[in-house]
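First comes the structure, then the notes that go with it.
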Amino acid sequence: MAPGGRFAIPFLRTPRKSASVDRPERPPELKNTLEPSPKECAEVKRLLVKASNFPPELVDIVMDFAEYWACSVTSIDYSVTANNYLAIHGGVDREDKFILRTEPLGLTAWHPDDYDRWQAAAPPHKLVEEYPRKELERFVEGPPSTLEHPFRKIVFDIVSRDQGWGGNIASHHTYQESWTWFDAGIDRFDKGHRSAAESEDSTQAQSSSEPQDVPTTSAIRPLWPPLKSDVSEYHHQLHPTSDHMIQCNRLAEHDWQHHHIEWSWKDDIDPESSAGQELKKNGRGDATGDGRFLRSLKLGDMVTVWGRARFGGWTNSVEKVQVKVYWAQ
């Protein structure tokens with residue numbers, strides 16, 4: 001805390017000139033795969049019921065205990081781009097960068113209708129009306145889950161680093177006083193949204209054999225990050241948010257760092273406990289270990305990843321991000 005009660009801006013030496021210049025370009029392709037697929041899970045369940053004569057409810061318990069869950073994988077690899085990585089610079093208007101969005105959880109028969117919008121952050125508009133679960137279940141392959149909280153685990157793999165210099169020398173090669181990090185957000189479909197293009201095409205939609213009320217990419221709305229109350233803008237916090245921070249970069253590391261983080265619906269770590277403080281020591285949000293994020297997810301939700309950097313001279317360099325989401329069938 002600086003004299004007069006003001007926060008002191010973390011000190012950074014004058015940055016060295018980079019040998020390369022960031023070139024604006026189209027982001028690399030998002031990739032989505034499934035392992036195992038919902039159809040495979042449904043088939044295994046059918047075979048177990050047939051072979052064991054166990055009731056389906058007991059087979060569900062067995063498969064859940066064995067962690068044989070459907071899994072969707074979303075990844076983005078910046079190493080194949082011209083710059084070989086994504087640079088997020090602090091102290092400028094692009095210091096909060098949307099990186100990726102998972103496919104709508106459980107809706108493996110749904111596909112984006114606008115790829116450019118799919119690769120961009122959701123427009124900063126409040127959600128008006130959620131889609132009823134029954135309307136979303138028509139995009140589920142295989143029998144829909146009857147569980148209240150079907151989403152079991154999220155696995156993040158992040159390859160990144162900071163600018164490789166600066167900050168408090170005593171904190172170098174630790175996670176203390178790091179001002180580059182990653183957050184997890186949530187998007188959800190808005191049934192109450194209708195874009196101008198959708199209104200113009202309403203006549204065609206009525207004559208189409210397809211269901212008229214299909215969630216589109218233009219109907220995606222953010223639940224987190226939050227929005228400002230008075231204007232249609234995101235409200236990005238200055239400091240990391242303890243219940244959404246996936247991982248921060250180790251301070252002043254020149255080499256790429258690979259962080260593997262797992263969140264489970266059964267996690268039950270008090271952020272004030274020694275285990276919670278251990279999460280913080282390892283560069284994670286100390287309130288991300290209580291399982292609430294997984295238990296808050298609904299069918300059709302999308303998990304987003306945001307990269308952050310704060311203050312001039314700080315850079316969050318991102319090579320690759322992968323997110324795996326597991327759910328019980």
Side-chain angles (χ1 to χ4, degrees), residues 29-77 100-113 118 130-157 184 186-189 209-211 213-215 217 260-268 289-305 320-329:
E29 179 184 1
L30 284 172
K31 297 181 179 179
N32 291 282
T33 57
L34 295 167
E35 48 173 46
S37 72
K39 286 186 178 180
E40 290 171 332
C41 290
E43 180 63 15
V44 169
K45 179 178 178 179
R46 186 188 67 81
L47 292 174
L48 286 174
V49 170
K50 182 178 179 180
S52 64
N53 289 323
F54 290 158
E57 294 80 7
L58 184 55
V59 172
D60 285 342
I61 294 173
V62 172
M63 293 181 65
D64 202 20
F65 182 79
E67 297 188 358
Y68 193 80
W69 302 321
C71 173
S72 68
V73 185
T74 303
S75 63
I76 190 164
D77 187 356
L100 64 76
R101 170 187 295 112
T102 68
E103 66 177 14
L105 302 181
L107 307 188
T108 51
W110 182 93
H111 303 287
D113 61 302
W118 180 250
E130 295 184 16
Y131 272 87
R133 182 184 175 110
K134 285 294 182 182
E135 292 188 27
L136 295 176
E137 285 181 351
R138 66 173 183 252
F139 300 102
V140 175
E141 294 180 295
S145 175
T146 59
L147 298 174
E148 183 180 1
H149 305 293
F151 302 103
R152 294 309 201 220
K153 184 169 66 172
I154 302 179
V155 178
F156 302 94
D157 281 283
I186 301 176
D187 285 348
R188 187 168 290 170
F189 286 119
S209 59
E210 295 291 327
D213 196 9
V214 175
T217 50
H260 178 87
I261 305 98
E262 295 190 9
W263 292 355
S264 170
W265 74 295
K266 294 190 295 185
D267 287 342
D268 188 23
D290 60 6
R292 282 186 299 170
F293 189 95
L294 266 294
R295 294 193 295 272
S296 72
L297 294 175
K298 296 182 178 182
L299 184 72
D301 282 354
M302 293 147 276
V303 177
T304 59
V305 175
K320 184 176 181 179
V321 178
Q322 177 179 273
V323 182
K324 292 184 176 182
V325 183
Y326 298 81
W327 70 94
Q329 278 290 99

Check whether any side-chain heavy atom of [X] sits under 4.5 Å from a side-chain heavy atom of [Y], and report yes or no.
| X | Y | value |
| --- | --- | --- |
| Met302 | Trp118 | yes |
| Trp110 | Glu103 | no |
| Val305 | Thr74 | no |
| Trp327 | Leu299 | no |
| Pro215 | Leu136 | yes |

Can you tell me how far [atom2] of [Y] sits from [atom1] of [X], rounded to the nearest 0.5 angstrom?
| X | Y | atom1 | atom2 | answer |
| --- | --- | --- | --- | --- |
| Lys320 | Leu100 | NZ | CG | 11.5 Å |
| Glu137 | Leu107 | CD | CG | 9.5 Å |
| Asn53 | Leu58 | CG | CG | 11.5 Å |
| Met63 | Tyr68 | CE | OH | 6.5 Å |
| Asp267 | Phe293 | CG | CZ | 12.5 Å |
| Phe54 | Asp60 | CZ | CG | 13.0 Å |

Tell me if a side-chain donor or acceptor on [X] pairs with a main-chain N or O of [Y] at a distance below 3.5 Å.
| X | Y | result |
| --- | --- | --- |
| Glu40 | Ser37 | yes |
| Asp268 | Gly291 | no |
| Trp69 | Lys153 | no |
| Thr102 | Val303 | yes |

**Message:** Which label fits Phe156 and Trp263: parallel for a plane angle under 30°, tilted from 30 to 60°, or perpendicular past 60°?
**Reply:** perpendicular

**Request:** Tell me whether the guanidinium CZ or amine NZ of Arg295 lies under 6.0 angstrom from the six-membered ring centre of Trp265 and within 45° of its axis.
**Result:** no

**Asked** Should Glu130 and Arg188 count as an ion pair when the cut-off is N to O under 4.0 Å?
**Response** yes

**Asked** With respect to Glu43, which candidate in Lys45, Lys39, Arg46 satisfies the side chain to side chain donor-acceptor pair (under 3.5 Å) definition?
**Response**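 Running side chain to side chain donor-acceptor pair (under 3.5 Å) over Lys45, Lys39, Arg46 with Glu43 returns exactly one hit, Arg46.
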
